[in-house]
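Since the model is a prediction, treat every value here as computed from it, not as a measurement.
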Amino acid sequence: MSHAPMTLRRDELAEPLGVLPPVEFAFSYGSGVFPQPGVQAMSEKPMVDYILGVSSPSDWHSKNIEKNPHHYSSWLAKFGGNWVSGFADNVGVGVHFNPFVPWKDKTIKYGVIGMDKLKEDIVTWKALYISGRLQKPISILVDKDEVRTLNLRNLKAALYAAMLLAPSELTEEELYINICGLSYLGDIRMFFAEDRRKVQKIVRGSADKFRELYRGPILRAAESGLLDIPASFGTNPRAKLFQGCDTSRITTLVAGLPKSVLARLGAQTGVILDGQQSEKSIAEAVAQSKEGHAKLVHRAIGRIVRMSSLRQSVSGLFAAGGVNAFQYVIKKSSKAWRSWTR
């Protein structure tokens, strides 16, 4: 039996939080929340994904293991909250996921991360993991003003990175596809465990939400002379946007990237990142590079994502336990295979 796309209400999405220990910040995301083209052809409902920000992951997991031991693999629950949290930090990128948790007529997966690590990734793109999810439409269930404010910087940086990877002329939809694809550059799962059309499906299934999310940053970029937008911007996804290729514009865009990206760009151009002045030097070196700024930025972001996706994949498979890990790999690989054989 196939399932037609559905949109869950915010109160429905928040219901599972009622059986978990309190959290400081929470959002849901993915195809289980925002229907994507082709979801109606799936033989089962997509899992509903959550990210939960907590003050102390070890304490939170200890409480949750007492309340919901069945959410964890049996071997992992025996070690306790400190071990769960430590494993996520030392093997993964600080996020522990409990997948395949039954909830009413759905299945959910929730990831737990400390607020300090969550905020660090939003600002620096150290792992481009949580920050990558926040660059796409989400449904916020437990809000926090500080996170919302920090994410404005994340959205601006995502726009700048996408512009640096784009040609001088592109459509609004192509810009959103570039933005959405940032956190998948170099992701090892894209080779065997993800739909190869994933990025396009995300954008086309949530075009209005991308427009709402990036309208402010795009208008400010236009006001600053970094991007030329047509009068039809916001109403026609195929309307053409234009950007210049001059060194000063590229320098401004590169200087607006997060520190983890700048550090890798510095390594490629031979400039050490040790202060605001060196950020400008790195940006100028990238803008003047004979290799081309797009290649350098693509490589820098790809290296961040490749390492974090590898670490998180290893952490997730071990944490999920044998049966759940096997089930998850089969499900993801099957989805990827279908996308390549259509």
Sub-3.5 Å donor-acceptor pair from the side chain of [X] to the main-chain atoms of [Y], do we have one?
X	Y	result
T269	L265	yes
N90	G86	yes
N68	L20	no
S183	L128	no
N82	S58	no
R10	L141	yes
S206	V203	no

Taking all non-hydrogen atoms of both residues, which atom of [X] and which atom of [Y] are closest, and how far apart?
X	Y	answer
F242	L227	O-CD1, 3.4 Å
V305	L185	CB-O, 2.9 Å
L155	P217	CB-CG, 4.4 Å
K259	L273	O-CD2, 3.5 Å
V95	Q312	O-NE2, 2.9 Å
A157	L257	O-CD2, 3.9 Å

Stepwise side chain to side chain contact (heavy atoms under 4.5 Å, CB included) check, Y50 with L13: CA-CA 9 Å; Y50 296 81; L13 290 169; 4.2 Å; yes
Any ion pair linking [Y] and [X] (charged N to carboxylate O, less than 4.0 Å)?
X	Y	answer
D187	R306	no
K104	E15	yes
K106	E12	no
E174	R238	no

Crowded around [X] [atom1]? As in, over 12 foreign heavy atoms under 6.0 Å?
X	atom1	answer
K126	NZ	no
M115	CE	yes
I272	CD1	no
R153	CZ	no
E169	CD	yes
D145	CG	no

Under the criterion side chain to side chain contact (heavy atoms under 4.5 Å, CB included), I'd like the reasoning laid out for C180 against F210: C-alpha separation, chi angles, the key distance, then a yes or no. CA-CA 9 Å; C180 184; F210 269 97; 4.0 Å; yes
For the pair R148 and N151, evaluate side chain to side chain contact (heavy atoms under 4.5 Å, CB included) and give the outcome as yes or no after the intermediate values. CA-CA 5 Å; R148 187 180 289 271; N151 199 47; 5.8 Å; no
Quick one: do [X] and [Y] end up in the same hydrophobic cluster if we chain Ile, Leu, Val, Met, Phe, Trp and Tyr together by side-chain heavy atoms under 4.5 Å apart?
X	Y	value
L152	V123	no
I65	W75	yes
L170	L219	yes
V54	L17	yes

Checking salt bridge (Lys or Arg N to Asp or Glu O under 4.0 Å) for the pair E172/K240: CA distance, chi angles, key distance, verdict? CA-CA 7 Å; E172 184 183 350; K240 293 290 186 179; over 6 Å; no
Does the separation of the ring centres of F87 and H61 fall below 6.0 angstrom? no
Under 3.5 Å side-chain donor-acceptor pair for [X] and [Y]:
X	Y	value
N154	S131	no
N64	Y110	yes
K295	S289	no

Using the side chain to side chain contact (heavy atoms under 4.5 Å, CB included) rule, take I113 and I130 through it: C-alpha gap first, then chi angles, then the decisive distance, then the call. CA-CA 9 Å; I113 183 172; I130 301 300; 3.8 Å; yes
Six-ring centre of Y214, R211 cation under 6.0 angstrom, axis tolerance 45°: no
Cation over ring face, K109 and F97, 6.0 Å, 45°: yes
